Number of protein chains: 2
Amino acid sequence: MTRVLVIDDEAPILRALKINLTARKYEVCTAADGASGLAAMARERPDVLILDLGLPDMDGTEVIKGVRGWTSTPIIVLSAWGQESQKVAALDAGADDYVTKPFGMDELLARLRAAVRRASPAPDEPVVTTAEFTVDLARKRVTRGTADVRLTPTEWQVLEVLVRNADRLVTQRRLLAEVWGPGYHNEANYLRVYMANLRRKLEPDPSVPRYLLTEPGMGYRFLPG
Amino acid sequence: MTRVLVIDDEAPILRALKINLTARKYEVCTAADGASGLAAMARERPDVLILDLGLPDMDGTEVIKGVRGWTSTPIIVLSAWGQESQKVAALDAGADDYVTKPFGMDELLARLRAAVRRASPAPDEPVVTTAEFTVDLARKRVTRGTADVRLTPTEWQVLEVLVRNADRLVTQRRLLAEVWGPGYHNEANYLRVYMANLRRKLEPDPSVPRYLLTEPGMGYRFLPG
DNA sequence: CCGCGGCGTTAAGAACCCGTCAAGATCGGC
DNA sequence: GCCGATCTTGACGGGTTCTTAACGCCGCGG
């Protein structure tokens, strides 16, 4: 089920969106200003963000930049009929689409579908194999030899980020942001624990990692083959 | 350079777009109807498609479906003020964005940038090679001959600044500011230590630098090739 | 000939990072 | 409401990295 976060300070619009989206089988959560919106973004991890630019506490482009600082989740901007320059600024700040009020609900839903469609499908190579184990991104399964390996949700998230960036170095900052959310930049502790768990479950010799490497001071790297 | 294909049957709009896009350093090609548009799409392989729905020979959604059959190139649809249902149909057929005429050129350009940005999530970072070693900025990796070279975080940061400014002189002031932060302008000591480390790890003869050169009194310079 | 400033080299202690373990705290299913 | 699984948090030892200072070399100008 697709999860949508709506940030808007006008109660009627908020309510209308919530009703319509829920009826269309979206999971909706809401926030009424920029600050709590950014917090909700980190907490809820929606698949799409619908953002009204006319917020009481922050400039809309600031919210966009705040979100774009750590995730590429699609952003659809709503705004009152108005300045062309605002559109340009929002889009260049990293928004994906821009809808002018008043808007038709059908149009918004169509743009929402388009945004989700663009964001989700990356069925390039859902299966990554090493000599020791196999990771199936689509099925969220890890196989080692003949048997399945049981991973906890957090273990899986960490592994997924590393595998999707195979061969590249992933900084601790980025790992923490993608798995736990921004604001956990200092909890490098978590990474040590979960890397240890993953190595125990996946490495032939956990004390001498061959696939899940540490780059001291920088981050971690998954090495296939 | 980004390549754009515009499919539109109204000569004035076609001309206006061509002039504006060319001025913005896009490479533009055009087609005046659906059939030749699809042909141009296959022949020219543009990075973005701008498609007017009011074509004489085909329904717009048919063109979209024709394109979507074999490529996920971003599609921005133009259309006369009109039916909401047309928007929905176009977006659901696979269009990425929808702009209603009359539109502001600035807005269209911003939406164009947004579409291109989304489509190319891999801003390829260069790989710099010398006869002795290879620096891969994206993977944060240095290879010498067949083996990887292990760099500490600070060593990597210094090398990265130099490589990103290959062939150019980088002042000590700037190196210190970018790696250690401003306020370290006087700690030229650090540079000597880390340049020595890098040379020991990368140069064939560390005492006679060939790639990491000192410009006495000024700074350092990385010389590829 | 000598002093001086910039540079390269080296070494040692301090600071930091990582892997490991284990004890709460929390969550979710029954 | 109970119980197991999972997540958070703190502490420790061993290793690495950073910082800092001292020393020697070289070219230059006095």
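As the structure is a computational prediction, the values presented were derived from the model and not from experiment. Sequence lines set the chain letters: A, B, ... in the order given, protein chains first and strands last, and positions in each chain run from 1.
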Engineer: Are any of B/R192's side-chain N or O atoms less than 4.0 Å away from OP1 or OP2 of D/dA21?
Structural biologist: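 It does not, given that no N or O in the side chain of B/R192 lies less than 4.0 Å from OP1 or OP2 of D/dA21.
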Engineer: Once you measure the plane-to-plane angle for A/W180 and A/Y190, does it fall in the parallel (<30°), tilted (30-60°) or perpendicular (>60°) bin?
Structural biologist: tilted
Engineer: Do any side-chain nitrogens or oxygens of B/T152 fall under 4.0 Å of OP1 or OP2 in D/dC18?
Structural biologist: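 For D/dC18, OP1/OP2 do have a side-chain N/O of B/T152 under 4.0 Å.
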Engineer: Distance check needed: C/dC16 P versus A/N186 CG, whole Å only.
Structural biologist: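 Going from CG in A/N186 over to P in C/dC16 covers 13 Å.
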Engineer: By nearest atom, which of the nucleotides D/dA21, D/dT9, D/dC7 is closest to the B/V193 side chain?
Structural biologist: D/dA21
Engineer: Does A/Y190 make a side-chain N or O approach to OP1 or OP2 of D/dC7 shorter than 4.0 Å?
Structural biologist: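 Answer no for this pair, as no side-chain N or O of A/Y190 is under 4.0 Å from OP1 or OP2.
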Engineer: Any side-chain N or O of A/S207 under 4.0 Å from OP1/OP2 of C/dG19?
Structural biologist: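 The answer is no; no side-chain N or O of A/S207 sits under 4.0 Å from OP1 or OP2.
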Engineer: Looking at A/D96 and B/R117, is any side-chain nitrogen of the basic one under 4.0 Å from a carboxylate oxygen of the acidic one?
Structural biologist: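 No, B/R117 and A/D96 are not salt-bridged.
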Engineer: Does A/T154 place a side-chain N or O at less than 4.0 Å from the phosphate oxygens OP1/OP2 of D/dT6?
Structural biologist: no
Engineer: With nearest nucleotides of DNA chain C determined for B/R199 and A/E215 from heavy-atom distances, which residue corresponds to the more 5′ nucleotide?
Structural biologist: B/R199
Engineer: Between B/R200 (CZ) and C/dT10 (C1'), how many Å, whole number?
Structural biologist: 9 Å
Engineer: Would the distance check show the side chain of B/R210 and the main-chain N or O of B/P204 forming a donor-acceptor pair, the cut-off being under 3.5 Å?
Structural biologist: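 No, the answer is negative, given that no donor and acceptor are paired below the 3.5 Å cut-off.
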Engineer: Looking at the side chain of A/Y194, which of D/dA22, D/dT17, D/dC7 is the nearest nucleotide?
Structural biologist: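 Per side-chain heavy atoms of A/Y194, the pick is D/dC7.
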Engineer: For a quick test of reading the model, state the closest non-hydrogen atom pair linking B/S79 to B/Q86 and the distance between them.
Structural biologist: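 Looking at all heavy atoms of both residues, the closest pair is OG-OE1, 3.3 Å.
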Engineer: In whole angstrom, what separates B/L198's CG from C/dC7's P?
Structural biologist: 17 Å
Engineer: Can you tell which of D/dT16, C/dG8, C/dC18 lies closest to the side chain of A/T214?
Structural biologist: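 Selected nucleotide: C/dC18.
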Engineer: Grab the CG-C1' distance between B/L151 and C/dC17 for me, whole Å please.
Structural biologist: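 To the nearest whole Å, that distance equals 17 Å.
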Engineer: Is the phosphate of C/dC17 approached by A/Y220 (side-chain N or O, under 4.0 Å from OP1 or OP2)?
Structural biologist: no
Engineer: Once you round it to whole Å, what is the distance between P of C/dC7 and CG of B/L176?
Structural biologist: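 It is 11 Å, rounded to the nearest whole Å.
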Engineer: Which of these nucleotides, D/dT6, D/dT19, D/dA11, is closest to any side-chain atom of B/W180?
Structural biologist: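 Selected nucleotide (nearest to the side chain): D/dT19.
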Engineer: Rounded to whole Å, please give me the gap between CG in A/N189 and C1' in C/dC21.
Structural biologist: 12 Å
Engineer: Verify the contact: side-chain N or O of B/Q172 to OP1 or OP2 of C/dC7, cut-off strictly under 4.0 Å; return yes or no.
Structural biologist: yes
Engineer: Without decimals, in angstroms, what is the distance between B/E187 CD and C/dG6 P?
Structural biologist: 14 Å
Engineer: Might you confirm whether atom OH of B/Y184 has over 12 heavy atoms from other residues, nucleotides or ligands at distances under 6.0 Å?
Structural biologist: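 No, not enclosed.
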Engineer: Atom CH2 of B/W156 and atom C1' of D/dT17: how far apart are they, to the nearest Å?
Structural biologist: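 For the pair B/W156 CH2 and D/dT17 C1', the rounded distance is 18 Å.
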